[in-house]
Peer 1: 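Before I ask anything, here is the structure I am working with.
Computed over heavy atoms, backbone and side chain alike; hydrogens, waters and symmetry mates excluded.
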Amino acid sequence: MKALEERILRDGKCFEGGILKVDNFINHQMDPILMKSMAVEFVRRFASTDINKVLTIEASGIAPAIMVGYLLELPVVFAKKSVPNTMQNMLSTSVYSFTKERSYNVCVNRDYIHEGDKILFIDDFLANGNAAKGIIDLVKQADAELVGMGFLIEKAFQHGGDYLREQGIHVESLAIIESLDNCRIKIRH
């Protein structure tokens with residue numbers, strides 16, 4: 001998606017270790033106009049997919065998932081990274097965070113993901129695919145169907161996208177970063 005790619009090149013910042021910082025327009029301060037445009041693009045790319053629920057993981061996936069859910073007029077569920085005292089009927093799995101360098105127990109209330117649901121997962125980044133693998137596990141536990149995964153930014157050099165595509169998952173990434181070598185952002189076209 002050209003508008004996102006241009007914004008990454010203009011406002012994204014690269015740090016050693018394959019870190020791309022986009023917190024000034026995606027995951028701390030948000031550009032709602034860009035967020036809406038990205039949601040419209042996801043709706044277009046998944047137009048032929050039968051979906052009845054949008055799923056994401058807190059926190060950075062919530063904004064794009066809400067926009068997609070709004071446009072599709074579907075409920076949005078987000079997996080929580082900590083178990084609330086009030087959640088009793090839950091599905092849970094462990095997810096390793098590349099950015100935070102630690103594992104989280106991620107959970108979803110069984111009341112919100114059901115057998116037969118057709119789930120579209122939306123998130124901000126796809127790197128090693130750890131969050132995506134955790135979501136796949138939660139969806140399987142619920143006996144639901146994962147019909148697709150959409151990511152704002154995919155870091156192709158970390159191969160999470162390769163893994164998901166090899167599993168036969170319909171993956172759509174709006175911007176694919178080929179490399180961040182020498183802290184230069186190289187986008188795949």
Peer 1: Taking atom CZ as the centre, does R10 end up with more than 12 heavy-atom neighbours from other residues, nucleotides or ligands that are less than 6.0 angstrom away?
Peer 2: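 For R10, atom CZ is crowded (more than 12 foreign heavy atoms under 6.0 Å).
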Peer 1: Is there a continuous path of hydrophobic side-chain contacts, each under 4.5 Å between heavy atoms, that joins M149 to F78?
Peer 2: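 No, M149 and F78 fall in different hydrophobic clusters.
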Peer 1: When rounded to the nearest 0.5 angstrom, what distance separates CD1 in I187 from CD1 in I153?
Peer 2: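 Rounded to the nearest 0.5 Å, the CD1-CD1 separation comes out at 8.5 Å.
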Peer 1: Using side chain to side chain contact (heavy atoms under 4.5 Å, CB included), reason through L91 and V139 one step at a time and then give a plain yes or no.
Peer 2: CA-CA 9 Å; L91 305 165; V139 170; over 6 Å; no
Peer 1: Give the intermediate values and the outcome of salt bridge (charged side-chain N to carboxylate O under 4.0 Å, His left out) for residues R165 and E154.
Peer 2: CA-CA 13 Å; R165 290 177 183 97; E154 176 180 342; 2.9 Å; yes
Peer 1: Is Y112 atom OH crowded by more than 12 heavy atoms from other residues, nucleotides or ligands, each under 6.0 Å away?
Peer 2: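 No, the 6.0 Å shell around OH holds no more than 12 heavy atoms from other groups.
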Peer 1: Going from CD1 on I135 to OG1 on T56, what distance comes out if it is rounded to the nearest 0.5 angstrom?
Peer 2: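 OG1 of T56 is found 7.0 Å from CD1 of I135.
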Peer 1: Measuring from L120:CG to I51:CD1, what's the distance to the nearest 0.5 Å?
Peer 2: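 Output value for this atom pair is 4.5 Å.
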Peer 1: Would K186 and E178 count as a salt bridge (charged side-chain N to carboxylate O under 4.0 Å, His left out) if you check the C-alpha gap in whole Å, the side-chain angles of each, and the deciding distance to 0.1 Å?
Peer 2: CA-CA 5 Å; K186 182 179 177 190; E178 190 68 44; over 6 Å; no
Peer 1: Looking at H114, I'd like to know if its NE2 atom is crowded, meaning that more than 12 non-hydrogen atoms belonging to other residues, nucleotides or ligands lie closer than 6.0 Å.
Peer 2: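 Buried by this count: over 12 neighbours within 6.0 Å.
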Peer 1: In plain terms, say whether E145 and K118 are close enough for a salt bridge, that is, a side-chain N and a carboxylate O under 4.0 Å apart.
Peer 2: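 Answer for the salt bridge query: yes.
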Peer 1: Filter on side chain to side chain donor-acceptor pair (under 3.5 Å), then keep only pairs touching residues 30-48, sequence neighbours left out; what's left?
Peer 2: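 Sorted result for residues 30-48: R7-D31, E41-R44, E41-R45, R45-E172.
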Peer 1: So for atom CG, which belongs to N89, do other residues, nucleotides or ligands contribute more than 12 heavy atoms lying within a distance under 6.0 Å?
Peer 2: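 Yes, enclosed.
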Peer 1: Just verifying a value: how many Å separate L138 CG and M90 CE, rounded to the nearest 0.5 Å?
Peer 2: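 Result: 10.5 Å between the selected atoms.
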Peer 1: Going from CG on L174 to CG on L4, what distance comes out if it is rounded to the nearest 0.5 angstrom?
Peer 2: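 So the gap between those two atoms works out to 6.0 Å.
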Peer 1: Can you tell me which residue pairs pass the salt bridge (charged side-chain N to carboxylate O under 4.0 Å, His left out) test with a partner in residues 104-113, sequence neighbours excluded?
Peer 2: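 For residues 104-113, and leaving out neighbouring residues, there are no salt bridge (charged side-chain N to carboxylate O under 4.0 Å, His left out) pairs at all.
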Peer 1: Given the rule in the side chain to side chain contact (heavy atoms under 4.5 Å, CB included) test, do I57 and Y104 qualify, once you have shown the distances and angles that lead to the verdict?
Peer 2: CA-CA 11 Å; I57 192 164; Y104 293 91; over 6 Å; no
Peer 1: What distance do I26 atom CD1 and D124 atom CG have between them, rounded to the nearest 0.5 Å?
Peer 2: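 CG of D124 is found 7.0 Å from CD1 of I26.
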Peer 1: Quick one: ring pair (Phe, Tyr, Trp, His ring centres under 6.0 Å) pairs with a partner in residues 170-189, sequence neighbours left out?
Peer 2: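 Of all non-adjacent pairs touching residues 170-189, those that pass ring pair (Phe, Tyr, Trp, His ring centres under 6.0 Å) are F46-H170.
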